[in-house]
Amino acid sequence: MKAIIAEKPIVAREIAQLLHANERKDGYLEGNGYCVTWALGHLVSLGMPEDYGIRGFDKASLPIFPNPFLLIPRPFKKQNYKGYQADPSALEQLKIIQNVISRCSSIIVATDAGREGELIFRYIYDYLKCNKPFERLWISSLTEKAIQDGFKKLQSGSVFDGLYEAARARSEADWLVGINATHALSIAANQDVYSLGRVQTPTLALICKRSEDHKNFTQKKYWQIQLKHRKEYLDFSSLSNEQWEDKKQAEQTLKSIEREGRATVEDVSIKTVQEQSPVLFDLTELQKEANRKLGLSADEILQTAQGLYEKKFITYPRTGSKYIPEDLWAEIPEQVRILNTIDQFKPAVSTLKFGNFNKRMVNDLKVTDHHGLLITTKIPSALTAMEKAIYDMIAYRLLESLSEHCSKQVSHITIKVHHYEFSIKGSKILTKGWRAIKRILSDQNQNSKNDESTSNKHKVEEMLTELPELKIGDELKISQADLQEKITQPPRLYTEADLLSAMENAGRLIEDKEEQKALSNIGIGTPATRASIIETLISRNYITRKSKTLIPTEKGIKVYDLVKGKKIANVQMTAEWEIALDKIEKGELNARQFITGIKDYTTEITEELLSLAIPHENIPELKCPKCQQQNLIINDKIIKCPNVQCNWILFRTICGVQLNMDHISTLIKKGKTPVIKNMKSKNGKKFDAFILLNDNCSTVFEFPGRN
């Protein structure tokens, strides 16, 4: 009997069905010599500080360096419970997996084929103290053919030891930096809880720095002159190369040009350029494109793509590659034929030349754990609107990738009036190539309500300006001259697409040119984790979504102000770690050597953060209303009594409103707050009320005008 451990029940069911293991048991499927079970994500994780006997924020215990790290069942924080508890569903599934493994002679690992999937299995394997041999199923699609091929190519688990070492090193590094930095800053902030992390803090720094630059930007007016011309029945315009900051000077120049009435062609540059077809999407590129065109968050896009993968309509979405290996090329025509059976895609498919597809997407050297995103040969059905939008993007990108390059004639003409130079730019498509498919896609988007898609379409049209034949020495009549007032624009606030680009290209943000060159293609986080980092920052109230942009909150800015310039916020350091993790995976660097470096780094940032002088809110000394013995601890989220026997606690945010110091002081001293306005009930209705302490020191509402 062989045990198979998948990452999710839906994947386990697909595998079990193929292997004819159809007998349903409690938490697994059995039959034909196989027991197929699942992990429900991360069932096992690294222990919390309390698992090492460290309670609360204790300066004397820092930095915390577990040796060895403890593995525990997935913890969760129960409301109104101090500390963490083991997740009951994780405990139950671990027992099932242990039972399945005990009945089998060997294991087939079928968790997601990547760093995190490897870690999920290995942590379970180590936690259960298992020593049975295991093989690895490595697939990029859940289609029947992909699974069958995967079982024919099972590899020894030891082949993936490098992947596991990198995954474990990442996990331990995140723990060391995150836990120690969080404890150190919380101690420096008088027990107020601030969460810091190896990737989340540099990402927060990117958002806050951009917001700061945007806010501090001083807008300046400037003026340019636009001339209008007509020749050979074609209308076109030119724009002054010079920008005037003095309006009067610009107006004088305009009058002089109007009097002249003619311009002379000084230079003509006409080039034929080839725009290569785009390659396939990786996850980050898909998230960027869907955020720009559909306004979806990175996490929504990832979850939607994961759903399409589990329904067998696309290949594995958590990929960092945009290419496919040579051996997969033979399957591409069948995917195109599938699209040709769907009316929506027929016009786009008709532009392709069967038997002469562009092979630009094929590159064995650029394929990482998984190849670029592809559709499968399963015809999509019963898709949600979001799933259809993401599927369509992946399908159209495949068709674009297979198309020939687009050939354009690009003209750049320089004309002169007196000694002032003006530029005329034009472009004309000679052969559409992949843009024929883009055009079809644009036409379909024209009717959508998505403003951004439509505006992008107009931008393409504006760029494609056809010009008459012009040569040096030609005279052009000026039919109209206008003064255009313009304003310098601040750095744009990050959208999720912009932030994903900044995270992906973090190495380019480094000021030192030599270091920038070394890290130019290294990002912070991975394609699979960047969406969760953004969601973590939102859940911790460090940033918020406003329309399509990401804005730091007051709390986020406070954290940034505390850590900017400190090592914990250093983008370069995080990018360098990604290089090290890649080397560990390839066997070029020892994982323990990396962790030793992380410990040195952790010691430095802990000392840095503990030494911070943090200005505190003017907090009054208030006795606990319940025990009347201890002064209350008042911080950002909670008010609590330090007396363990008493353990009185009050959350500062009640029905969407955070209690200020006046509210708190009046409540504790007089038993009743002033009236608090615009609180929000569970059904979203706003109301005003007093908050009172009853005889048990619990809070209750009193409504104005009512007893």
Side-chain angles (χ1 to χ4, degrees), residues 3-8 11-12 37-48 51 66 68-76 86-87 90 93-94 97-98 101 107-132 134-140 155-179 197-200 283 302 306 316-320 368-370 524-533 536 577-578 580-587 589-592 594-595 598:
I4 298 175
I5 302 176
E7 194 162 316
K8 290 184 178 179
V11 179
T37 187
W38 49 85
L40 295 173
H42 285 271
L43 289 178
V44 174
S45 62
L46 297 177
M48 302 302 288
D51 296 306
F69 275 93
L70 298 175
L71 291 175
I72 61 168
R74 180 173 62 217
F76 83 111
D87 184 339
Q93 195 61 24
L94 281 168
I97 292 171
Q98 188 167 31
I101 288 173
I107 303 165
I108 295 171
V109 185
T111 49
D112 283 359
R115 194 190 281 176
E116 287 309 296
E118 193 67 24
L119 190 69
I120 284 169
F121 166 71
R122 299 284 189 123
Y123 271 2
I124 292 169
Y125 187 83
D126 290 351
Y127 175 76
L128 296 178
K129 296 182 171 55
C130 184
N131 56 13
K132 292 190 176 178
F134 60 90
E135 296 173 290
R136 191 59 158 106
L137 175 70
W138 194 268
I139 55 175
S140 289
Q155 297 179 73
S156 166
S158 61
V159 171
F160 299 90
D161 284 349
L163 184 65
Y164 167 54
E165 287 298 325
R168 187 173 70 167
R170 194 276 309 152
S171 175
E172 292 179 2
D174 282 348
W175 194 101
L176 290 168
V177 174
I179 293 291
R198 178 181 71 90
V199 180
Q200 78 172 49
L283 176 60
L302 173 57
Q306 184 70 22
Y316 188 62
R318 289 175 165 87
T319 176
T368 53
D369 291 343
H370 297 278
I524 55 177
T526 64
T529 60
R530 286 174 192 139
S532 66
I533 292 298
T536 297
W577 287 357
E578 296 300 339
L581 292 171
D582 187 56
K583 285 182 177 177
I584 292 168
E585 187 174 327
K586 292 172 181 171
L589 179 68
N590 183 279
R592 294 304 98 194
F594 170 72
I595 290 295
I598 292 292

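From a predicted model like this one, the values you see are computed outputs, not experimental measurements.
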K.L.:
Is there a side-chain contact between Arg198 and Ile524 in this structure, where contact means two heavy atoms from C-beta onward sitting under 4.5 Å apart?
P.N.:
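Not in contact.
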K.L.:
With side-chain contact (heavy atoms from CB on, under 4.5 Å) as the criterion, how do Cys130 and Ile107 come out once you've worked through the C-alpha distance, each side chain's angles and the decisive distance to 0.1 Å?
P.N.:
CA-CA 10 Å; Cys130 184; Ile107 303 165; 3.9 Å; yes
K.L.:
Test of understanding: with salt bridge (charged side-chain N to carboxylate O under 4.0 Å, His left out), list the residues that count as partners of Glu118, not counting sequence neighbours.
P.N.:
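If we apply the salt bridge (charged side-chain N to carboxylate O under 4.0 Å, His left out) test to Glu118, skipping adjacent residues, the hits are Arg122, Arg136.
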K.L.:
Ignoring hydrogens, what is the shortest heavy-atom contact between Leu94 and Pro73? Give both atom names and the distance.
P.N.:
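Residues Leu94 and Pro73, closest heavy atoms: CD1-CB, 4.0 Å.
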K.L.:
What residues, two or more places apart in sequence or in another chain, satisfy ring-ring contact (aromatic ring centres under 6.0 Å, His included) together with Phe134?
P.N.:
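With neighbours one apart ignored, the set is Phe121, Tyr125.
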K.L.:
Considering residues at least two apart in sequence or located in another chain, which fulfil the side-chain contact (heavy atoms from CB on, under 4.5 Å) criterion with Ala531?
P.N.:
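Scan of Ala531 (side-chain contact (heavy atoms from CB on, under 4.5 Å), adjacent residues dropped) gives Gln287, Ala298, Asp299, Leu302.
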K.L.:
Less than 4.5 Å apart, any side-chain heavy atom of Asp51 and any of Pro66?
P.N.:
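No - every pair of side-chain heavy atoms lies 4.5 Å or more apart.
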K.L.:
CD1/Ile108 to CD/Glu135 distance, rounded to the nearest 0.5 angstrom?
P.N.:
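Going from the CD1 atom of Ile108 to the CD atom of Glu135 covers 5.5 Å.
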K.L.:
Between Trp577 and Ile598, does the side-chain contact (heavy atoms from CB on, under 4.5 Å) criterion hold? Intermediate values first, please.
P.N.:
CA-CA 9 Å; Trp577 287 357; Ile598 292 292; 3.2 Å; yes
K.L.:
For Lys8, enumerate each residue passing the salt bridge (charged side-chain N to carboxylate O under 4.0 Å, His left out) test, keeping only those at least two apart in sequence or located in another chain.
P.N.:
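Salt bridge (charged side-chain N to carboxylate O under 4.0 Å, His left out) list for Lys8, sorted by chain: Glu310.
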K.L.:
Sequence neighbours excluded, which residues qualify as side chain to side chain donor-acceptor pair (under 3.5 Å) partners of Arg170?
P.N.:
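Only Glu116, Asp174 meet the side chain to side chain donor-acceptor pair (under 3.5 Å) criterion with Arg170.
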K.L.:
State the CZ-CZ distance between Arg115 and Phe160, to the nearest 0.5 angstrom.
P.N.:
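These two atoms lie 15.0 Å from each other.
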K.L.:
Below 4.5 Å, heavy atoms only, C-beta onward: do Tyr127 and Ile97 meet side chain to side chain?
P.N.:
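They are not in contact (no side-chain heavy atoms under 4.5 Å apart), so the answer is no.
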K.L.:
Residues two or more places apart in sequence or in another chain: which of them pass side chain to side chain donor-acceptor pair (under 3.5 Å) with Ser171?
P.N.:
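Tyr123.
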K.L.:
Under a 4.5 Å cut-off applied to non-hydrogen side-chain atoms, are Ile5 and Ile101 in contact?
P.N.:
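Yes. Closest side-chain heavy atoms under 4.5 Å.
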K.L.:
Quick one: closest heavy-atom pair of Ala39 and Ile120, and the distance?
P.N.:
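Shortest heavy-atom separation between Ala39 and Ile120 comes out as CB-CG2, 3.8 Å.
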K.L.:
Do Trp38 and Val11 have side-chain heavy atoms sitting under 4.5 Å apart?
P.N.:
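No, too far: nothing below the 4.5 Å cut-off.
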K.L.:
Testing the basics here: between Pro527 and Thr319, what is the closest heavy-atom pair and its distance to 0.1 Å?
P.N.:
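Closest approach of Pro527 to Thr319: CB-O, 3.8 Å.
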K.L.:
Looking only at atom types and distance, does a side-chain atom of Arg530 sit under 3.5 Å from a main-chain N or O of Gly525, one as donor and one as acceptor?
P.N.:
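Between the backbone of Gly525 and the side chain of Arg530 there is a qualifying donor-acceptor contact (under 3.5 Å).
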K.L.:
Taking the side chain as every heavy atom from C-beta outward, state whether Tyr164 and Asp126 have any atom pair closer than 4.5 Å.
P.N.:
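In contact.
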K.L.:
At what distance, to the nearest 0.5 angstrom, does CG of Leu589 lie from CZ of Phe594?
P.N.:
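Separation between the atoms: 8.0 Å.
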K.L.:
Kindly write out the residues that satisfy salt bridge (charged side-chain N to carboxylate O under 4.0 Å, His left out) with Glu7, not counting sequence neighbours, or none if the list is empty.
P.N.:
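Glu7 satisfies salt bridge (charged side-chain N to carboxylate O under 4.0 Å, His left out) with no residue once adjacent residues are dropped.
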K.L.:
Rounded at 0.5 Å granularity, tell me how far CD1 in Ile595 sits from CZ in Arg168.
P.N.:
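Ile595 CD1 to Arg168 CZ: 8.5 Å, rounded to 0.5 Å.
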K.L.:
Kindly write out the residues that satisfy side-chain contact (heavy atoms from CB on, under 4.5 Å) with Ala110, not counting sequence neighbours, or none if the list is empty.
P.N.:
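Residues passing side-chain contact (heavy atoms from CB on, under 4.5 Å) with Ala110: Ile4, Ala6, Ile15, Leu137.
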K.L.:
For residues Ala90 and Leu43, report the shortest heavy-atom separation together with the two atoms involved.
P.N.:
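Between these two residues, the closest heavy atoms are CA-CD2, 3.7 Å.
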K.L.:
Is a donor on one side and an acceptor on the other found under 3.5 Å between the side chain of Glu165 and the backbone of Asn590?
P.N.:
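Checking the backbone N and O of Asn590 against the side chain of Glu165, no donor-acceptor pair under 3.5 Å is found.
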K.L.:
Determine the minimum heavy-atom distance between Phe76 and Ala86, stating which atoms define it.
P.N.:
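Scanning both residues, the minimum pair turns out to be CE2-O, 3.7 Å.
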K.L.:
Let me confirm one number: the CG-OG distance from Leu70 to Ser45, rounded to the nearest 0.5 Å.
P.N.:
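Rounded to the nearest 0.5 Å, the CG-OG separation comes to 11.0 Å.
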K.L.:
Who are the side chain to side chain donor-acceptor pair (under 3.5 Å) partners of Asp582, not counting sequence neighbours?
P.N.:
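Only Lys586 meet the side chain to side chain donor-acceptor pair (under 3.5 Å) criterion with Asp582.
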K.L.:
Which distance, rounded to the nearest 0.5 Å, do you find between the CD of Gln93 and the CG of Leu40?
P.N.:
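The distance works out to 4.5 Å.
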K.L.:
Test of understanding: with side-chain contact (heavy atoms from CB on, under 4.5 Å), list the residues that count as partners of Gln98, not counting sequence neighbours.
P.N.:
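Gln98: side-chain contact (heavy atoms from CB on, under 4.5 Å) contacts with Leu128.
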K.L.:
Would you say the side-chain atoms of Trp175 pair up with the backbone N or O of Gly47, donor to acceptor, closer than 3.5 Å?
P.N.:
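Yes; judged by distance alone, with no hydrogens or angles, the pair exists.
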K.L.:
Among residues at least two apart in sequence or on other chains, which ones pass side chain to side chain donor-acceptor pair (under 3.5 Å) with Thr529?
P.N.:
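Partners of Thr529 by the side chain to side chain donor-acceptor pair (under 3.5 Å) criterion, ordered by chain and then number, come out as Thr526.
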